[in-house]
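Just follow the structure's listing: the first ligand is 1, and inside any ligand the first atom is 1.
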Amino acid sequence: MTQDPSRRLLRGRILTFHAEPTDAADTSAYSYHEDGAILIENGTIRAMGPYAQVAAQAADVPVTDHRPHLLMPGFIDTHIHFPQVQVIASWGAQLLDWLNGYTFVEETRFADPDHCAAMARHFFDLLSAHGTTTAVAYCSVHTASAEAFFAEAARRDMRMIGGKVMMDRNAPEGLRDTPQSGYDDSKALIAKWHGQGRGQYAITPRFAITSTHEQLEMAGALVAEHPECYVQTHLSENHDEIAYTAELFPDAPDYLGVYEQAGLLTPKMLLGHSIHLTPREIAVLTETGAKPVFCPTSNLFLGSGLFDDAGLRGRGITNAIATDVGAGTSYSMLSTLSEAYKILQLQGQKLHPLRAFHWITRGNAVALGLEDKIGTLEAGSEADIVVLDACATQAMALRMQRAQSLSEELFILQTLGDDRAVAEVYVAGRPAKSVSPATVTRELCAAG
Ligand code: GUN
Ligand code: ZN
């Protein structure tokens, strides 16, 4: 009998969540198989469970044995900037100076389609290397950047969400659209890419400061015309940003009110940062189902402030979590959890490792309304899988010698792990960590 090349059986320790764990003892929230298997067919998970049970249904299927590593759903990053791969690690500024001094300068280079295509290859290499299989990305103002983003994601069969930023003021020449061109270009990109393969579109007015009232109205019209799309922007990240927004929109009740008046708030809206919120804004988030996105490494790097996870959750709000590269300082969702833990510690809040790993997998999928497609290893899910090695470095291996539980292993992964702890990643069932980062890095340095 010939083998079906689209079928593959992965063996290893397996962890997947069914719900957010309420506490450390909540074993009903997840499945853990010490000797488990995942049967993949045509990019989809067909079966998952104890190895003996799954292998019995897959007699002729080739087995990739990842034991003793841990297989989990691929990580989901709900806020990242594709044109900032060469902005990350820029010194010495808080939000508005950082945008004007570094970020806008760099994003003007994305007018060139060749630059966009080259950067898209690096961007997706980096995401894959860090175990991130889905991201929600801001492209630059140029349609060429969104074209490159979606084309490269499609080439790799990755489930990616993105959109060109709409920005028509308070930015340099070459980085501004107009209300009409921002609307038209976004509309054309939606028609071309939303639902094309695994691509999905996010309508993306960058933030209140870089959009006129007219542009936000046009973005609101797009949201009404395309309820199938996501919406993303930034909210209340920094005190100077909030004060400037109040000056620009004197008739709005507050920062969130600017977006609310433009008709942008829906459960498919992602609001990056959402740090310094008023009671009215929190009430509006609860009512509308719009989702705050916690960006820990970015909030520390830019000195923006401490995200009140427990306060928002206590109001029934679903928080997503993300890197926000290039203000964020790591592509790794593991490192992101490490900094999230510390930000919550500073506020007397706790982040248990089981909840943490739920957050970067199923939790972010729930925030995106995609938990039937990604974020778990249930049969029927798309086969995006990360293989984790908690002994990847000397420091991790030493600490692992003293670990006695799954929760401890997870905490070591999130506290000490990064791309080195990602042994393999599968995208739609195919191994995707094949690029040798060392080779690419040497070539880049030689060219620089
Ligand atoms: N606010 C508006 N644009 C940006 C951006 O690119 N990064 C961050 N961190 N905040 C923003
Ligand atoms: Zn951002």
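Under 4.0 Å from ligand 1, the heavy atoms of L95 that appear belong solely to its side chain. Within the 4.0 Å heavy-atom criterion, the part of Q84 lying near ligand 1 is the side chain and not the backbone. With a 4.0 Å heavy-atom cut-off, ligand 1 is reached by no atom of F301.
For the side-chain contact (heavy atoms from CB on, under 4.5 Å) with R420, the lone residue among T393, D389, L334 that qualifies is T393.
We find that D384 and R198 are joined by a salt bridge, their nearest charged nitrogen and carboxylate oxygen being less than 4.0 Å apart. A salt bridge links R206 with E107: the distance from a Lys NZ or Arg NE/NH1/NH2 to an Asp or Glu carboxylate oxygen falls below 4.0 Å.
For the ring pair (Phe, Tyr, Trp, His ring centres under 6.0 Å) test, residues two or more places apart in sequence or in another chain that qualify with F110 are F82, H115. By the side chain to side chain donor-acceptor pair (under 3.5 Å) test, S381 is found to be paired with T376, residues two or more places apart in sequence or in another chain being considered.
Counting only protein atoms, the N, O or S atoms lying less than 2.8 Å from the Zn ion (ligand 2) are H79 NE2, H81 NE2, H234 NE2, D324 OD1, ordered by chain and residue number.
Scanning all protein heavy atoms for the shortest distance to atom 7 (N) of ligand 1 gives W98 CZ3, 3.4 Å. Among all non-hydrogen protein atoms, the one lying nearest atom 1 (N) of ligand 1 is H234 CG, 3.4 Å. The protein non-hydrogen atom at the shortest distance from atom 3 (N) of ligand 1 is R206 NE, 2.8 Å.
Within the listing of ligand 1, atoms 1 (N), 8 (C), 9 (N), 10 (N), 11 (C) sit less than 4.0 angstrom from a heavy atom of E237. Taking every heavy atom of A327 and a limit of under 4.0 angstrom, the matching atoms of ligand 1 come to 9 (N).
Taking distance alone, with nitrogen or oxygen atoms compared against 3.5 Å, D324 approaches ligand 1 more closely than that limit.
Between H234 and H79, the ring-plane angle classifies as perpendicular under the 30° and 60° cut-offs. Aromatic ring orientation, H358 versus F17: perpendicular (interplanar angle above 60°, classes split at 30° and 60°). Ring geometry for F123 versus Y331: interplanar angle over 60°, hence perpendicular rather than tilted (30 to 60°).
Within the structure, ring-ring contact (aromatic ring centres under 6.0 Å, His included) pairs that include any residue of residues 163-189 do not occur (at least two apart or interchain).
In this structure, H273 counts as a contact residue of ligand 1, since one of its heavy atoms falls inside 4.0 Å of the ligand.
No side-chain donor from either of E217 and Q261 sits under 3.5 Å from a side-chain acceptor of the other.
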